[in-house]
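I have placed the structure first, in the form of structure tokens, so that the comments after it can refer back to it.
Each chain gets a letter, A, B and so on, in the order the sequences are listed, and its residues count up from 1.
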Amino acid sequence: MEYNFREIEKKWRQNWKDTNAYKVSNDSPKPSFYVLDMFPYPSGAGLHVGHPLGYIASDIFSRYKRLKGFNVLHPMGFDSFGLPAEQYALETGQHPAVTTEKNIETFKAQLDKIGFCYDWSREVRTSDPSYYKWTQKIFLNLFNSYFCNTCKQAKPITELIEKYKTKGGSSFTAEEWNAFSDTEQADILMKRRLAFSKFGEVNWCEALGTVLANDEVVNGVSERGGHPVEKKKMRQWYLRITAYADRLLQGLETVQFSDAMKEMQRNWIGKSEGAEMEFGIRDLKLGINVYTTRPDTIFGVDFLVVAPEHPIVNSLVSEEQKRAIDEYLTYVKSRSDRERQSEVKQITGCFTGAYATNPFNGKPIPVWIAEYVLAGYGTGAIMAVPCGDQRDFAFAKHFNISITNIIGEHYNGEEANSTKEATLQNSGFLDGMLMKDAIAVAINKIEELGIGKRKVNYRMRDAGFSRQRYWGEPFPIIWKDEIAVPLAENDLPLDLPFAEKYGPGPNGEGPLANMEEWVNVGGSLNKQVDLTPNPSPKERELLDRLEEKTTDKKAYGYINSTPQEWINTLAFAKQNRHNPTEAEDALWQLVRNRNVGGYKFRRQHPVSSFIPDFVCLDRNLIIEIDGGYHNEAEQNIFDIARENWLKEYGFEIIRFTNDALLKDIANVKKAIIEKIKEIEEKAESSPAPLLWRGGGEVSAKRETSTMPGYAGSSWYFLRYMDPHNTETFCDRQASDYWNQVDVYIGGTEHAVGHLLYSRMWTKVLFDLGYIGFDEPFKKLVNQGMIQGSSRFVYREKGTNKFYSRDIISDENYFDKIHVDVNIVDGVELDIEEFKKWKNGEFLNSELVLSDGTFICGSEVEKMSKSKYNTVNPDVLVDKYGADTFRMYEMFLGPVEQSKPWDTKGIEGVHRFLKKLWRLFYTDANPATNAPGKQVWNDEKPNDAEYKILHKTIKKIEQDTENFSYNTAVAAFMIAVNEMADAKCFKKEILSQLLVILSPYAPHVTEELWNLLGCDGSILVAAYPTLEEKYLIEATKEYPVSINGKMRSSVNLPTEVTEEEARQAVLSTEAVTKWLEGKEVKKFIFVKGRMINVVL
RNA sequence: GCCCCGGUGGUGAAAUUGGUAGACACGCAGGACUUAAAAUCCUGUUUACAGCAAUGUAAGUAACGGUUCAACUCCGUUCCGGGGCACCA
């Protein structure tokens, strides 16, 4: 009888399947334990040996915990929405649902071969409607929630609406709120929702006609095809993860992640504390807000720098600098993100001509613009302190700006010094203070003077949540006019419609936009949402008046002729708003926030089918800003006709030319105020009878984006707890029972993506009361990457001759070609296989050998099919069995460590299992055909044998708890070696050894367990209890050092006293030799450890 | 540039609170069994020097320095490798 792993493993896998051995119940008196793997994306390539590393580690831990008496949840599923399937569909026309299904089957078959203890009845797939129904539901929870800034948690948006209705908001009263139209209210609410929509920049690839995700853009060109990619503003969905920045930081204190992982998350969140303060601009009634973390350096400010994109720039530029600034702005616009990033060290900038005033010493400070200041961080403007900041220093040197030194000798004139330890000089009221102390003093002063305030900034941005893609969750959102209307819960799931083509839609929309029937819900919409317009009281009044006046609305031009036209008008207006001309922006800066006359102005706001540049609805005033083309005769006629229409609606119109406005904005302001006064004095200043809403047939469109890959993975760990629930995503009882994931195993590549998003979703669900914990993962273990070890053959350039690596002196004369690692033994090429490889591509090549062998070159690279360095676990499992494969992967080294794969050592582990087998049965003798015999027996073990066992139990427990599996495997080897040496074949010992080994090698241990005649399955055996009494030693071999160097050893009773030890040691021969003629200065005795004699 | 994590035999790697550096394997060398091969078993394997040998002496955990009776382990400086962030004020 011998270790026939193929039969054994097949037999037990079937048995475990038949008996539902891995099925886990939510109803158990045992304590719960949750071990989770990061679920895989089912790619077409299948598994390579790198994938199972983490799965094996978690499987061992699950089995161990189970033996220890826990009810262990250890599920697996698939992150099955995503880009590769869609790209594959684009190329081959195969539907992603089909390829995904196929890939999952392959994955499961491969995983099953390795013998994992997953409860497959709990499998989830993110692309399954029964799963994404709940992804959509949670999205709606996010959509219908806001972040309360006082209680720092998510709350239902209905509470906010109630507050607005009764108490108003920060910039409007309750009355005003109630008078707002639906659109206005929706816009305000959108600014608070946790999942929200706004215009944002996306990567637009004109050549591909599509929007690309960040990871599809490499160095400014598309990953596929290498086409240029530009930034484009489009409506996008976002998650307001910034609201949770602080809690995401604090939560890190409560979880066991590696320091590196925590650090990465902290960096990503990028919290910085400082102050925001205003610098007044001379001769202009303007101020520039800057953000700084070093207010202590305020007296060292030599210039201000504003981001080129900052809206204030236009108002700052002086007449003399206008040309230069325009040129610089043109230059900045011409620069791609790629250039800006790759040429960081290149210093560019331009002086605006404006001067700010240092509020503390009145010093004039030149204001510059430069691309090194980012519009998106802080206020988009900085105070530059060249003596303390290297970038500011380089800038000052480059443009010859004089540098003020406020840190004395700490500044050497050669480079900036960002120390906080210097004593301040030339710093007014801060003089003589240590910089780190001065920070608080300066902030207090700033607040006292009312020129600024303490401010915390985060580098993290809100997370983009929409993709112009097909293979993802559709948004349960319908756009009614400009308002996002959520689907009702019982209309979920909103199924992803079946697609036959996967090309992009119009205007940068995703493939779904091409499916008109699906997109246009219009009149066909019945139960989903009430799409009847709900006019505000003011609108209602206007509508009524209009109804009285006319029966033919279209004749009056009051409304668009079709709903579609109206929607187009709205969209067009929105687009205009986001692409203002220079002059428009300047005027907007002037009139926004009720800055002029206290009236609210809107820009690019539809009035019927017209979109005036600016409109004040309160005073029926329209402001038009004309570019040069308005001088042309044809345009002039149109302008007049349009004015007449608008006048008929009751509007007054004033016009300015671009140039006039930019030249003298103060004058423009005066003109507007005068006009308003004029209107106010008129008797008939009643509001204009206008409509800003479409009429006629009810119409709406579905959101055509889909959710990103991380949507489904942000909450999947909850679904495993209660996977078949049709009432809710996870029953509260189930999540209370299983609670947090106790151990989560996966790679570091998700450090700032998945791990942050799932932490945020957990916090939101916690805030809303759906679950009882606000961190999803208690402990995170990062498995290392298994790299590939590539092999190369070298072909002389321009020939068909290959040379063995060791006879090549200069690689430059050769083409280096990847060769399949599976046809190379170590570095020696299997020449026969090589000739057959790639359908005989190298059949006629000449190989120049050295000493009869052909040696390959080698290099460690990422494991990938294209590098021919992948090793398929199936092959190894076939050859050595799953138990050997599992143990070998663990034996390779610490789980967290990355290492190149090397199949060589697997023999050693396989030998170990065979040796284990021989403790039970001898091998059959093929020569004599004599079968192997049973060697195990029922004899009572002796103390020495108990000692081997319990020593091992102790070590395995420690190592397993610490995920130190490589040393655990070594401990098993030691145990088996010792038992073999001691001829310990006793059932009592062996059966316990099997139990502790079973998490590592489940198949062979189950077989032997049964052969021993033990009860039931080893999967549910009791973990042996450690009995310390067998480990107590009567004597100990104490190492003896002389002056710290190991010289000898002495056998002493364990409970020896120092004095006894001293006498014993000093009288041993080996020691007396060293003592000759010297005096013992010190005798160090560490009980149970060692002895050191100092001479 | 900044922030993490590493650096130990020919190779993968071990080493509780500082306490016998190299466990356990791979590979290699030699041997046993065998007609032979496979399988299995045994011995040796950090380096240098001395010795037939057991063994002894010296050096040794990237480099240098420090703390300590004692340092792979703690501290400082430098070098190398891996990962992350990258104009974040």
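- Annotation: Trp901(A), atom CH2; neighbour count of heavy atoms from other residues, nucleotides and ligands within 6.0 Å is above 12.
- The pair Lys271(A)-Asp246(A) meets the salt-bridge criterion, since a charged nitrogen lies less than 4.0 angstrom from a carboxylate oxygen.
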In 5'-to-3' order, the base (B), backbone-only (S) or no-contact (-) status of each nucleotide in nucleotides 73-78 of chain B, using a 4.0 angstrom heavy-atom cut-off, is ------

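- The CG-C1' distance, from Asn1043(A) to rA58(B), rounds to 16 Å in whole Å.
- Base engagement by Arg461(A) is indicated by at least one non-hydrogen atom pair under 4.0 Å involving a base atom.
- Counting only heavy atoms from C-beta outward, the side chains of Asp302(A) and Phe393(A) never approach each other to under 4.5 Å.
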Write down the protein N/O and nucleotide N/O pairs, taken from nucleotides 11-16 of chain B, whose separation is under 3.5 Å; answer none if there are no such pairs.
residue: rG12(B); atom: O2'; partner: Leu892(A); partner atom: O; Å: 2.5
residue: rA13(B); atom: OP1; partner: Gln897(A); partner atom: NE2; Å: 2.6
residue: rA13(B); atom: O3'; partner: Asn966(A); partner atom: ND2; Å: 3.4
residue: rA14(B); atom: OP1; partner: Asn966(A); partner atom: ND2; Å: 2.9

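- Each of Glu1037(A) and Ala381(A) was assigned the nucleotide of RNA chain B with the nearest heavy atom; the assignment lying further toward the 5' end belongs to Glu1037(A).
- At the phosphate of rA25(B), OP1 or OP2 sits under 4.0 Å from a side-chain N or O atom of Asn977(A).
- For Thr348(A), the side-chain contact (heavy atoms from CB on, under 4.5 Å) criterion is met by Tyr328(A), Tyr331(A), Gln346(A), Glu371(A), not counting sequence neighbours.
- A heavy-atom distance below 4.0 Å to RNA chain B is reached by these residues of residues 908-916 of chain A, ordered by number: Gly908(A), Arg911(A), Lys914(A), Lys915(A).
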- Message: Before you tell me yes or no, could you show the steps for Phe303(A) and Phe395(A) under ring-ring contact (aromatic ring centres under 6.0 Å, His included), namely the whole-Å CA-CA distance, both residues' side-chain angles and the distance that decides it to 0.1 Å?
- Response: CA-CA 10 Å; Phe303(A) 52 100; Phe395(A) 194 83; 5.4 Å; yes

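- The side-chain hydrogen bond (donor to acceptor under 3.5 Å, both in side chains) test applied to Tyr291(A) returns Ser272(A), not counting sequence neighbours.
- Separating the CG atom of Asp296(A) from the P atom of rA89(B) is a distance of 14 Å, rounded to the nearest angstrom.
- Between the side chain of Tyr377(A) and the backbone N or O of Arg459(A) there is no donor-acceptor pair closer than 3.5 Å.
- Glycosidic conformation, rG31(B): anti, with the torsion outside 90° of 0.
- One finds no salt bridge joining Lys904(A) and Asp902(A) here, because no Lys/Arg side-chain nitrogen approaches an Asp/Glu carboxylate oxygen to under 4.0 Å.
- Remark: Tyr377(A) is in phosphate contact with rA89(B), judged by side-chain N or O atoms under 4.0 Å from OP1 or OP2.
- For residues 973-985 of chain A, the set of pairs meeting the salt bridge (Lys or Arg N to Asp or Glu O under 4.0 Å) definition, not counting sequence neighbours, comprises Lys951(A)-Glu978(A).
- Regarding Asn782(A), its CG atom lies at a distance of 17 Å from the P atom of rC4(B), rounded to whole Å.
- Side-chain contact between Val909(A) and Phe972(A): absent, with no pair of heavy atoms (C-beta onward) separated by less than 4.5 Å.
- Using a 4.0 Å heavy-atom cutoff across all strands shown, Val1086(A) reaches at least one base atom of the nucleic acid.
- With sequence neighbours excluded, the residues satisfying side-chain hydrogen bond (donor to acceptor under 3.5 Å, both in side chains) with Thr884(A) are His910(A).
- To the nearest whole angstrom, the two P atoms, one in rC42(B) and one in rC33(B), are 15 Å apart.
- Contacts classified as side-chain hydrogen bond (donor to acceptor under 3.5 Å, both in side chains) and involving residues 748-757 of chain A (residues at least two apart or in different chains) are given here: Tyr744(A)-His754(A).
- Nucleotides rG76(B) and rG60(B), compared at atom P, are 23 Å apart to the nearest Å.
- rU20(B) atom C1' lies 13 Å from atom CD1 of Ile1042(A), rounded to whole Å.
- Of the P atoms belonging to rA23(B) and rU45(B), the separation is 10 Å, rounded to the nearest Å.
- As rounded to whole Å, 11 Å separates atom P of rA89(B) from atom CD1 of Ile382(A).
- Rounded to whole Å, atom P of rC5(B) lies 13 Å from atom NZ of Lys262(A).
- rG22(B) sits 26 Å from rC75(B) when the C1' atoms are compared, rounded to a whole Å.
- Under the rule for a salt bridge (Lys or Arg N to Asp or Glu O under 4.0 Å), the partners of Lys1087(A) that lie at least two apart in sequence or sit in another chain are Glu1055(A).
- Between rU46(B) and rA14(B), the distance separating the two C1' atoms is 15 Å to the nearest Å.
- Within the 4.0 Å cut-off from OP1 or OP2 of rA89(B), at least one side-chain nitrogen or oxygen of Ser272(A) is found.
- Residues Thr952(A) and Ile996(A) meet the side-chain proximity criterion, which asks for heavy atoms closer than 4.5 Å.
- When each of rC4(B), rG19(B), rA89(B) is scored by its nearest atom to the side-chain atoms of Tyr291(A), the top-ranked nucleotide is rA89(B).
- In this structure, Asp389(A) reaches neither bases nor backbone, as no heavy-atom distance under 4.0 Å exists between it and the strands shown.
- To the nearest whole angstrom, the two C1' atoms, one in rC4(B) and one in rA58(B), are 39 Å apart.
- If you measure from atom CE of Met1046(A) to atom P of rG19(B), you get 15 Å, rounded to the nearest angstrom.
- The residue among Lys1082(A) and Asn267(A) whose nearest nucleotide of RNA chain B is located toward the 5' end is Asn267(A).
- Remark: RNA chain B forms stems of 3 or more consecutive Watson-Crick or G-U wobble pairs, all pair distances under 3.5 Å, at B:1-7 with B:79-85, B:10-12 with B:24-26, B:27-32 with B:40-45, B:46-50 with B:55-59, B:62-66 with B:74-78.
- Judged as a ring-ring contact (aromatic ring centres under 6.0 Å, His included), and not counting sequence neighbours, Phe920(A) has no contacts.
- Neither OP1 nor OP2 of rC26(B) sits under 4.0 Å from any side-chain N or O of Lys904(A).
- Taking atom C1' on both rA38(B) and rA48(B), the two are 40 Å apart, rounded to the nearest angstrom.
- Straight-line distance between the C1' atoms of rG9(B) and rC24(B): roughly 14 Å, to the nearest whole Å.
- The distance from atom OH of Tyr1038(A) to atom C1' of rC69(B) is 17 Å, rounded to the nearest whole Å.
- With sequence neighbours excluded, no residue satisfies ring-ring contact (aromatic ring centres under 6.0 Å, His included) with His310(A).
- Of the side-chain N and O atoms in Arg459(A), none sit less than 4.0 angstrom from OP1 or OP2 of rC87(B).
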